[in-house]
Every structure is written in structure tokens, then in C-alpha cells.
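Worksheet: one structure, shown below.
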2 protein chains.
Amino acid sequence: MKLTEAKQQFISSWGAFGSQWGINRTMAQIHALLMVSPDPLTQEDVMEQLNVSRGNVNMNMRDLISWGLVDRVLIPGERKEYFSAEKDTWKIATQIIQERKKRELDPMLKLLGQLEKIEGDKKDKNVKQFVDTVSGIRKFGNQAEKMLDMMVKADENWFLSGLMKLFK
Amino acid sequence: MKLTEAKQQFISSWGAFGSQWGINRTMAQIHALLMVSPDPLTQEDVMEQLNVSRGNVNMNMRDLISWGLVDRVLIPGERKEYFSAEKDTWKIATQIIQERKKRELDPMLKLLGQLEKIEGDKKDKNVKQFVDTVSGIRKFGNQAEKMLDMMVKADENWFLSGLMKLFK
DNA sequence: CTGAACTTTCAAAATATATTGAAAGATTAA
DNA sequence: TTAATCTTTCAATATATTTTGAAAGTTCAG
């Protein structure tokens, strides 16, 4: 397989993969394109390579930046803006974990904590099942949160070798 | 807060949470409803409580069953089918991990493995960046896969206390 | 068998999400 | 300044996903 074809496949699959995880296809594709591009690209470059509109690129690029996955890059002497993606997989992963945790997991755990304090007869099986379910999810979520924090703080090597050896 | 209101909130938030992760809202809501219901429910019950159509409940219930999160339950002497959700958070989580891994991660890792075998001059920075990116993601994915397998095999207690102590 | 009770299917409709592109807004070289 | 270049916005449009509900399918008691 040639580079051009492989790139296409990678970009298209990364887009499809992303949609299954609630990331919009174009955003994932832009990310994929930037990850395999050795040099920074302009909005124009991305528009051409992915066949999407200026506005679309602009909005999704902004999102990618807010996720900390893409940086604006100034090239001395150039008027236009360039964009470049973080290429280190470990950093990408921890960045995504951190953001999703902050944006989604934390608020959910907060809500569950409130729902647990429901008033009602603990003898009522409806009340009991509700409290048990909610607190079960909350406990699990809290542990997951701790584990993710740990991952984010740790370094890649810990993940690649250290953790694994403990449970071979 | 009263049970009824708390249930509503839980169901609605679980639905919203699900959509951010690529799960359709109704499916997540049905799941939430069944998780907090002490006894099995019929399609009719779900239709009424969530205000969705028969077909919708039927299709999503089928999906939930294929994910291993809901079981059909036969009640002796009853003509209709009842549905009941697994209530153990740990089992729910490992079930979801296992399924998503099988449906999404495995195929993606397979593809990345192929893309890595691209033909081309390794001196070309385009080729190099492509191979580096793809193999970086693949390696990370492989480790993640191992770790998830471990989680699925382990038991809840290991997660709740054991793992955590190692990295306090 | 027969038909009542229940389940499944799926084309059409509704809804939600993503994309476009032209106009307005910035920025800067000259 | 001015005007060329580049970026951002957002209402309109297009696309994708979800939902509906009536019809077809299934099951089983009598």
C-alpha cells in the first residue's frame, strides 16, 4: 500500500472510530490528518485534503484546540496561521482522559451524589433499589476517577511496562 | 427530593451521558430505568414510563440484550415477556468494556497493524511521520487492550482496593 | 384449527447534528 | 489610512440518526 492510500484509510477510519465515541467525524479526521502530517498545515490545506468547508474546518479546529490536542503555530514571516497536532500518543490519551473526566464524569458523579440523598423509606424496595444502583455507580465512578488521575500523573513508561508486569 | 423526581433525573441524565459516548439516548434511558427497577418490566411498562413507542422500545431492548446488559425474564403463568437489567455496576462495566473492545478496539488495532506495513522510503519525513503515528497509537492500543482484559478477568474487589493501594 | 395476546419489522416522518458559504470581522503591510 | 489577506460567525441547508406506528409475524390457550 502507498502512503497516499494509507493516509486516506487512516483518516477515514479514525473519523468513523471517533463517531462511535461521540466525536464528530470531521473533527476526528482533522485530528488524524494533523497527526500524520510532519509539518503544520493551514486551514486551506485541511479544506483541500478533506474536502470540507472553511467554516467547518474553523469550528472543529477551535474545538480541537480547546481539547488541547492541536496548537496554533506561527511561522515567522508568514501571514497565515498554521496548525499542528500533538503527536505523542501518551500525551494525546491523557489529554483526552483529563478533558472527558472534567466535562462529563465529574458532573455525573456530582449528580449521583445528590440523588443518593433521596428522602423515603429505606424499606421500600423501590427506594432501596434506586439508592443501591446510584451508589453502586457512584462508587465505581469514584474509583475510576482515581485510577484515571493516576494515569494522567504517571508517565508513559509506567503504563507500557510497570503496570503490566504487576499482573502478567 | 422524592423518589419519582430522582428517578426522572437519573434516567434523563443517564440518557444525556450516554449520548456523549455514542449510545443512543433512548437505549441509555431504558437501561437506566431497568437498573433502578427492583422488578422486571414489560415493553408496555417501559413505553409508558419513558413515553416512547413500542417499536423504539423493542429495538433498543434488543440492542441492550445484545450488549449483555439486559435479560429476558419469563414469569411463570404470564404470557408476556419481562425484562430485567444486571444491577451490579462492576459486571455492567466489564460487560461494556468487553463489548466495545470487541466491536471497536480490536478492528481498529487490526487496521493499524496493516497500515504500518506501508511501502515507501523511510527517509521521507511524510512516510516517517505516518509510520510513527500509526505505530504509536497501535502500541498504546495494545497496552490498553491488555489492561482492559485484566480488568475484565479481575474481580471488583481488586479494582476497589487492590489496584489502588499499589499507587496511593 | 382459530383468534386473542403479544412481538417484531421497517418505511415514512420527525428530530438532531453537521456542514456550507457568504458576509462581517480582524489584522497588518505598505 | 487603505486594501489585501486571513479568520470567524451563523442562518440556511444538507445529512444522519432516531422514532413512530401500523401491518405482518408469532405463539399458544381453548
Side-chain angles (χ1 to χ4, degrees), chain A residues 11-34 39-67 69-84 103-104, chain B residues 11-34 40-67 70-84 103-104:
Chain A
I11 290 169
S12 134
S13 308
W14 200 248
F17 191 67
S19 354
Q20 295 183 304
W21 289 84
I23 284 107
N24 105 28
R25 214 183 61 237
T26 303
M27 179 167 150
Q29 289 186 346
I30 296 176
H31 187 219
L33 173 60
L34 289 176
D39 303 309
L41 302 181
T42 62
Q43 287 200 348
E44 206 81 26
D45 293 332
V46 176
M47 285 168 63
E48 281 166 19
Q49 299 208 41
L50 301 182
N51 272 289
V52 291
S53 72
R54 184 176 305 284
N56 197 1
V57 171
N58 192 277
M59 284 177 134
N60 284 114
M61 199 68 92
R62 162 127 61 102
D63 268 353
L64 283 167
I65 291 170
S66 89
W67 277 85
L69 298 172
V70 167
D71 289 324
R72 285 178 207 276
V73 172
L74 292 179
I75 293 198
E78 289 268 12
R79 181 74 181 277
K80 41 180 180 293
E81 284 184 323
Y82 284 76
F83 298 92
S84 148
R103 298 177 191 208
E104 299 154 27
Chain B
I11 290 170
S12 133
S13 309
W14 200 247
F17 190 66
S19 357
Q20 295 183 303
W21 289 85
I23 284 107
N24 106 26
R25 214 183 59 236
T26 304
M27 179 167 150
Q29 288 187 346
I30 295 176
H31 187 219
L33 173 60
L34 289 175
L41 303 181
T42 62
Q43 288 200 348
E44 207 81 25
D45 294 332
V46 176
M47 285 168 62
E48 280 167 20
Q49 300 209 41
L50 301 183
N51 270 293
V52 290
S53 72
R54 185 177 303 286
N56 198 1
V57 171
N58 192 277
M59 284 176 136
N60 283 114
M61 198 68 92
R62 161 128 58 108
D63 269 353
L64 283 167
I65 291 170
S66 88
W67 278 84
V70 166
D71 289 325
R72 285 177 207 279
V73 172
L74 292 179
I75 293 199
E78 287 269 15
R79 180 75 180 277
K80 39 181 181 296
E81 286 184 320
Y82 283 78
F83 299 92
S84 149
R103 298 176 191 208
E104 299 154 27

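Lettering follows sequence order; numbering is per chain, from 1. All values below were derived from every heavy atom in this structure, side-chain atoms included, with hydrogens, water molecules and symmetry-related copies excluded.
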In terms of ring plane angle, is the pair A/Trp14 and A/His31 parallel, tilted or perpendicular, where the classes change at 30° and 60°?
tilted
Sugar-phosphate, base or nothing in reach of [X], heavy atoms under 4.0 Å:
| X | result |
| --- | --- |
| B/Asn58 | base |
| A/Thr42 | nothing |
| B/Glu81 | sugar-phosphate |

Residue whose nearest DNA chain C nucleotide is more 5′ - A/Ile23 or A/Arg54
A/Ile23
Start at the 5' end of DNA chain C and walk down; is the nucleotide closest to A/Gly22 or to A/Gly55 reached first?
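With A/Gly22 and A/Gly55 compared, the 5'-side residue is A/Gly22.
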A/Phe83 or A/Ser19, whichever maps to the more 5' nucleotide of DNA chain D
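Looking at the nearest nucleotide for each, A/Phe83 comes out on the 5' side.
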Hey, which sits more toward the 5' end of DNA chain D by its nearest nucleotide, A/Glu78 or B/Met59?
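Looking at DNA chain D, the more 5' nearest nucleotide goes with A/Glu78.
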Nearest to the [X] side chain among [options], which nucleotide is it?
| X | options | result |
| --- | --- | --- |
| B/Arg72 | C/dC6, C/dT8, D/dT20 | C/dT8 |
| A/Arg79 | C/dT19, C/dT8, D/dC6 | D/dC6 |
| A/Ser53 | C/dT20, D/dT7, D/dT18 | C/dT20 |
| A/Asn60 | C/dT8, C/dT19, D/dT19 | C/dT19 |

What is the distance, rounded to the nearest whole Å, between atom [atom1] of [X] and atom [atom2] of [N]?
| X | N | atom1 | atom2 | value |
| --- | --- | --- | --- | --- |
| A/Glu44 | D/dT5 | CD | C1' | 11 Å |
| B/Asp45 | C/dC6 | CG | P | 12 Å |
| B/Met47 | D/dT19 | CE | P | 14 Å |
| B/Gln20 | C/dT17 | CD | P | 11 Å |
| B/Asn51 | D/dT18 | CG | C1' | 16 Å |
| A/Met27 | C/dT19 | CE | P | 12 Å |
| A/Lys80 | C/dA29 | NZ | P | 14 Å |

Where A/Arg25 and A/Ser19 come nearest, the two heavy atoms and their spacing:
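So the minimum-distance heavy-atom pair works out to CG-OG, 3.9 Å.
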Any donor and acceptor pair, going by atom type alone, linking the side chain of B/Asn24 with main-chain N or O of B/Thr26 inside 3.5 Å?
yes
For A/Thr42, does its backbone N or O pair with a side-chain atom of A/Asp45 as donor and acceptor, under 3.5 Å?
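Here the side-chain-to-backbone pair exists.
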Using a cut-off of less than 4.0 Å, is there contact between a side-chain N or O of B/Asn56 and OP1 or OP2 of D/dT20?
yes
Between A/Glu44 and A/Lys80, is the closest basic N to carboxylate O distance under 4.0 Å?
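No, this pair does not count.
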